[in-house]
Chemist: 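This is the structure, below, for whatever I ask next.
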Amino acid sequence: MKRTWIVYLKEVRDNLRDRRTLLSVLLFGPLFGPILFAVFMGTAITMGADEIEKRLTLPVKGESHAPELIAWLRENRLDIQTFEGDPRQAVRDREVDYVLVIDSGYAEAMREGRSAPLQLVADRSRQRLAGQLARVRSTVNGWDRTLTELRLLARGIDSQVIHPLQLEEVDVSTPEARGLMIAAMLPYFILLTVLMGGFYLAIDTTAGERERGSLEPLLSTAARRGEILLGKLLATATFSLLALMIVIAAFSLALRFVPMETVDMSLSLDAATAVKLFLTVAPFAFLGASVMCLVASFTKSYKEAQTWLSVVMVVPLAPMIVHFVRPFEATTLNLAIPVLGQHVAMLELLGAEAIPTLGLILNTALTLLLSAVVAWVAWLFYRRESVLG
């Protein structure tokens with residue numbers, strides 16, 4: 001272990017001297033995700049809240065045919081703007097975003113108790129308008145429900161006869177659980193940052209040293225190759241753990257600036273949760289370090305190692321895709337699977353949900369076991385003379 005410790009200190013010291021790489025790995029990388037999240041989510045929530053509160057301007061053609069409807073729209077914070085001309089052409093030419101067209105037969109249809117024709121002319125490919133169009137539709141549908149009840153009442157019929165079932169949805173989710181709906185990307189950012197923390201060191205300590213010609217003298221020393229590999233692996237894992245620590249602290253700080261309470265959600269990362277998050281993801285740092293050292297041991301050049309490790313960076317994305325395609329609960333079995341278990345556990349911790357302890361123990365054990373297997377395969381490559389290129 002003494003020789004392993006010497007190699008470990010050498011690799012850590014050399015990496016600390018490379019200040020540009022160090023800043024990239026331990027500063028820009030871990031801080032980029034939290035800052036991006038805080039800025040974008042804060043802006044999106046603020047804009048969404050403003051969108052709900054502000055008055056909308058609704059161009060209407062034929063407003064004189066439906067004064068009651070116009071009054072209803074005004075009561076619901078829609079400013080009516082009289083429109084003349086061809087609504088479809090105007091929307092195609094983007095002179096207006098949308099137009100509500102009230103047909104001349106509206107009044108007659110209402111008198112006869114028939115369905116009155118209305119058209120909402122819009123370009124649905126313009127995603128920017130989706131929220132505004134939904135609000136206009138919701139307001140018109142509200143007027144439709146009111147008229148239905150009035151017509152039934154005029155005929156002496158209780159409006160409840162058209163609603164034989166009354167399904168009431170009771171949302172028992174906590175604000176923290178609802179907050180996860182807009183924070184599903186956090187586990188991916190955290191796992192990716194862990195890999196980025198050891199990325200350059202893993203390449204530099206094997207492929208880089210091979211290109212510089214310093215690997216051969218190192219392997220000819222009294223230290224065994226397994227001891228040398230273990231020292232490099234532990235150094236890589238150390239920087240991955242440092243990156244993990246920084247990104248969790250950065251997310252903990254960034255979440256304080258996201259106005260979740262505006263949308264009745266909550267997502268906080270207090271000290272206790274941060275510690276649990278670190279302990280949950282820490283085994284993944286050793287797995288990532290083992291995989292990166294393995295890749296760096298069989299690649300022929302620094303450039304080839306970068307190419308292969310870029311593929312490894314996609315691994316944290318896999319659990320998120322699986323969870324998106326087929327959502328599942330945090331069972332002991334799901335938690336036990338390396339990488340997937342870390343992803344699920346992070347979501348549960350951020351949502352302040354209880355996690356099966358046995359699942360976490362199995363996950364830690366299996367992740368470390370898989371790390372040891374991958375490290376053993378890397379050691380097999382280190383035993384070959386081909387590791388020198």
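For clarity, every value in this text was computed on a predicted model and none was experimentally measured.
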Chemist: Parallel, tilted or perpendicular for Phe251 and Phe37, by the 30°/60° rule?
Modeler: perpendicular

Chemist: If we count only N and O atoms by modelled type, under 3.5 Å, do the side chains of Glu63 and Thr82 hold a donor and an acceptor together?
Modeler: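 Yes.
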
Chemist: Consider only side-chain N and O atoms of Asn141 and Ser138, and report whether a donor and an acceptor are under 3.5 Å apart.
Modeler: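 There is no such pair (donor and acceptor under 3.5 Å, judged by atom type) between the side chains of Asn141 and Ser138.
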
Chemist: Kindly give the cluster partners of Ile361, where membership spreads through any ILVMFWY side chain lying under 4.5 Å from a current member.
Modeler: none

Chemist: Under a 4.5 Å side-chain heavy-atom rule over Ile, Leu, Val, Met, Phe, Trp and Tyr, are Val275 and Phe284 clustered together?
Modeler: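 Both belong to a single hydrophobic cluster.
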
Chemist: If you measure from the Lys or Arg side-chain nitrogens to the Asp or Glu carboxylate oxygens, is any gap between Asp97 and Arg126 under 4.0 Å?
Modeler: yes

Chemist: Just grab all the side-chain hydrogen bond (donor to acceptor under 3.5 Å, both in side chains) pairs involving residues 236-252, residues at least two apart or on different chains.
Modeler: Tyr8-Thr238

Chemist: Contact between Ile337 and Leu366 at the side-chain level, heavy atoms closer than 4.5 Å - yes or no?
Modeler: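 No, their side chains stay 4.5 Å or more apart.
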
Chemist: Between the side chain of Asp86 and the main-chain N/O of Arg88, is any donor-acceptor distance below 3.5 Å?
Modeler: yes

Chemist: Considering only Ile, Leu, Val, Met, Phe, Trp and Tyr, and joining two whenever side-chain heavy atoms are under 4.5 Å apart, list the other residues clustered with Leu153.
Modeler: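 Leu153 shares its hydrophobic cluster with no other residue.
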
Chemist: Determine yes or no for a side-chain-to-main-chain donor-acceptor pair under 3.5 angstrom, with Asn76 supplying the side chain and Trp72 the backbone.
Modeler: yes

Chemist: If you measure from CG on Leu360 to CD on Gln342, what distance do you get to the nearest 0.5 Å?
Modeler: 9.0 Å

Chemist: Considering only heavy atoms from C-beta outward, does the side chain of Leu56 approach that of Asp79 to under 4.5 Å?
Modeler: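 Of all side-chain heavy-atom pairs linking Asp79 with Leu56, none is under 4.5 Å.
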
Chemist: Would you find a donor on one side and an acceptor on the other, under 3.5 Å apart, between the side chain of Arg3 and the backbone of Glu227?
Modeler: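 Not confirmed, Arg3 side chain does not pair with Glu227 backbone.
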
Chemist: Output yes when a side-chain donor or acceptor of Arg114 lies under 3.5 Å from a complementary backbone atom of Met110, and no otherwise.
Modeler: no

Chemist: If every non-hydrogen atom of Pro283 is compared with every non-hydrogen atom of Thr364, which pair is closest and at what distance?
Modeler: CG-CG2, 3.8 Å

Chemist: Going hydrophobic residue to hydrophobic residue with side-chain gaps under 4.5 angstrom, can you get from Leu201 over to Trp308?
Modeler: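 Yes, it is one cluster - the side chains of Leu201 and Trp308 are joined through contacts under 4.5 Å.
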
